[in-house]
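Order of listing sets the numbers, starting from 1, for every ligand and every atom in it.
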Amino acid sequence: MKDRNDLSRQVIKFAAVSLLLLLLFNAVVMPMLTNASITKTDYNFFLEQVDQGNVSKVSISGDEIRFAVTEEDGGEKVYSTGKMDDPELVTRLHDKGGITFSENIKQHSSILTEFLVGWVLPLVFFAVLWNVLFKGLGKRMGGMGNAMSFGKSNAKIYVKAQTGKTFSDVAGQDEAKEALVEIVDFLHDPDKYTQIGASLPKGALLVGPPGTGKTLLAQAVAGEANVPFFSISGSEFVEMFVGMGAAKVRDLFKQANEKAPCIVFIDEIDTIGKKRDGSFSGNDEREQTLNQLLTEMDGFDGRKGVVILAATNRPESLDPALLRPGRFDRRIPAELPDLGGREAILKVHGSKVKTEPYIDYNAIARATAGASGAELANIINEAALRAVRSGRSLVSQQDLEESVEVVIAGYQRKNAVISQKEKEIIAYHEIGHALVAAMQKNSAPVHKITIIPRTSGALGYTMQVDEGEKFLMTKDEALARIATLTGGRSAEELIFNTCTSGASNDIEQATKLARAMVTRYGMSSGFDMIALETVGSKYLGGDTSLACSPETAAKIDDEVNAIVRKSHEKALSILSENVAKLHELAHFLLEKETITGEEFMAILGKQPATV
Ligand code: ADP
Ligand code: MG
Ligand code: ZN
């Protein structure tokens, strides 16, 4: 291994340099230090000490006299003084007796101090230097730190006690759980499967949008299976040095093979598993890592019990070689939860906070269509925070409803100053949406209308909540939805004979839906069942790209415009037919700022939820 040799060479070099510096330090710096500790005095003091018989040693060199004085505690202290033109000095000293002439007296400190200062201290210094230089540098460069650990993978071993998660922590993902239960069962009792000759899938790939519990599911498998669990994130393989990622993969699988049966979990595998396109972009390192991963997955015995789990939200970008049978041959979808799933997730997280006895989780679940598990967990937490903020010890239904709005639209901006005129426009705008929604057959009932501004920039909004779960959208429903979206602007036009920028978000949504009707759902009169747009990454926002000629693109725009225009006209006619109710409701909303679906329906003179 190239890295390892490089490394030991570096270690030797560093040790050699350290030793050399140490010797130099003792030869040059230490004497200077000892000399510096000699006290300078004047000639008088020297003569005095000689007279008193305190001087035990004298050395004369050049123009310096050094002398050692015996102190009261028996120790010796070395002084130095300048040389005088004193020819009788030597005789005088000799006469005094008991004085030795010696060469270059030194201040003797204890051997221990000398040893500490001369050898130990520099060694400590070098050790610190070593750490700072290599570890610090390694971290900053993202690679050396790993080189220092000799290419060991950083896969952490998790066992049950550590993840602490079980399948009961995961709600709603029943299909995914079922598929994983089988894997857990295999790890518990491999014989049952091998007797019949079956070998378990080597790998299972968890796919789904962010926050649907993929990582959580893998942790739950670890918790249930009671076998070693290696967890590593795809990005940890991406190294600065070519070959390091591959080395890590090799090492990970070596460890896993030793610990079998066990589970290896690679989170966010798309970071290393991207399609190899062989083009100029050529990320050598990533490609090598992927190749190593492919080789390792082929290399081990499927019956031994190493199961590889991986998670990604971009399955379409994965290399096909990774997905073929024998590698990740199972694909376990973790989709956004449906109504039942949302309710279950809310209950799981709701049981972790203290709530009032009767909480209608179903109502919250209905109001959160399209929310992921992570968002639902966040809603529960926001509700708990709100309860604490208002000094209560239990989470109430109202906390939950408010926190749904916080997650959708941000916090209330209580101190936003909005003029009366603008407030009026906003109120008419929102009632416009609500009225158009209520007057159409194919529209979800109005749940709440508010004109309290939010931190997301919304100045008000109308919340519609469906009774049950909807999986399909009919053409009539889509058209009703677009009409509802144009209802706000229509009210402005009808009442104030003007239009405002407040409708920008409505316009965006209406356009998006109308466009999808034309290009993807085949719901326009101008085109048949033709896919004019393709969706890029399904789980991450779903950006679309056109797949048609420029002429067709122009026609699409016309179609979209026609759909929106027709809906807009419909909204206008609904509102002008009901203009009395529009005034009444808008004034009620202006006064109350927030009204419920029931209040709305009562004024409208209809029974709630029968529209
Ligand atoms: P990802 O799919 O992006 O890996 P995670 O597994 O990290 O999502 O989920 C984030 C958090 O969301 C979890 O820690 C959990 O609190 C919550 N969560 C997501 N899905 C579920 C679920 N099905 N049941 C319970 N909690 C969930
Ligand atoms: Mg994750
Ligand atoms: Zn609007």
Side-chain angles (χ1 to χ4, degrees), residues 163-177 180 205-222 231-235 265-271 309-315 332-338 340-353 365 371-381 409 425-437 449-451 457-464 481-493 499-510 539-540 568 571:
T163 73
K165 297 270 195 299
T166 62
F167 281 139
S168 64
D169 287 303
V170 191
Q173 302 288 0
D174 292 331
E175 298 76 20
K177 268 198 271 186
L180 291 168
L205 185 66
L206 290 154
V207 298
T212 47
K214 297 183 293 298
T215 308
L216 185 67
L217 273 165
Q219 287 172 342
V221 170
S231 160
I232 188 161
S233 172
S235 61
F265 175 50
I266 305 174
D267 210 352
E268 316 287 351
I269 195 172
D270 44 287
T271 30
L309 291 180
T312 180
N313 35 37
R314 317 184 46 179
I332 302 176
E335 296 288 345
L336 288 174
D338 57 11
R342 289 198 299 278
E343 192 176 341
I345 293 172
L346 285 167
K347 278 181 181 157
V348 163
H349 287 274
S351 67
K352 293 178 195 159
V353 298
S372 69
E375 280 165 326
L376 294 170
N378 187 24
I379 283 173
I380 297 283
N381 193 48
I425 295 178
I426 296 164
Y428 273 96
H429 178 110
E430 294 308 329
I431 294 295
H433 285 306
L435 252 183
V436 173
I449 311 165
T450 170
I451 52 169
L459 295 168
Y461 59 84
T462 305
M463 210 168 146
Q464 285 173 272
R481 175 98 195 105
I482 296 174
T484 303
L485 285 165
T486 58
R489 163 64 64 84
S490 302
E492 293 173 18
E493 288 169 336
C499 47
T500 69
S501 61
S504 65
N505 185 258
D506 301 334
I507 291 171
E508 212 177 292
Q509 285 188 48
Y539 294 124
L540 298 173
H568 190 173

Q) Just how far is it from atom CD of Glu343 to atom CG of Leu376, taken to the nearest 0.5 Å? A) 11.0 Å
Are [X] and ligand 1 in contact, using a heavy-atom cut-off of under 4.0 Å?
| X | answer |
| --- | --- |
| Leu217 | no |
| Gln219 | no |
| Val348 | no |

Using a heavy-atom cut-off of under 4.0 Å, does the side chain or the backbone of [X] touch ligand 1, or both, or neither?
| X | answer |
| --- | --- |
| Leu376 | neither |
| Leu216 | both |
| Gln173 | side chain |

**Q.** Test item: Phe265 and Thr215 side chains (from C-beta on) under 4.5 Å apart, heavy atoms
**A.** yes
**Q.** Residue pair His349 / Asn381, side-chain donor-acceptor N/O under 3.5 Å
**A.** no
Q. Side chains of Asp267 and Ser233: donor-acceptor distance under 3.5 Å anywhere?
A. no
**Q.** Closest non-hydrogen atom pair between Thr486 and His568, with its separation
**A.** OG1-CA, 3.6 Å
Q) Close to the Mg ion (ligand 2), meaning under 2.8 Å, how many protein N, O or S atoms are there? A) 1
Q. Taking just the N, O or S atoms of Asp506, which one is nearest to the Zn ion (ligand 3)?
A. OD2
Q) Quick one: which of Ala171, Ala218, Gly373, Gly213 has a heavy atom closest to atom 22 (C) of ligand 1? A) Ala171
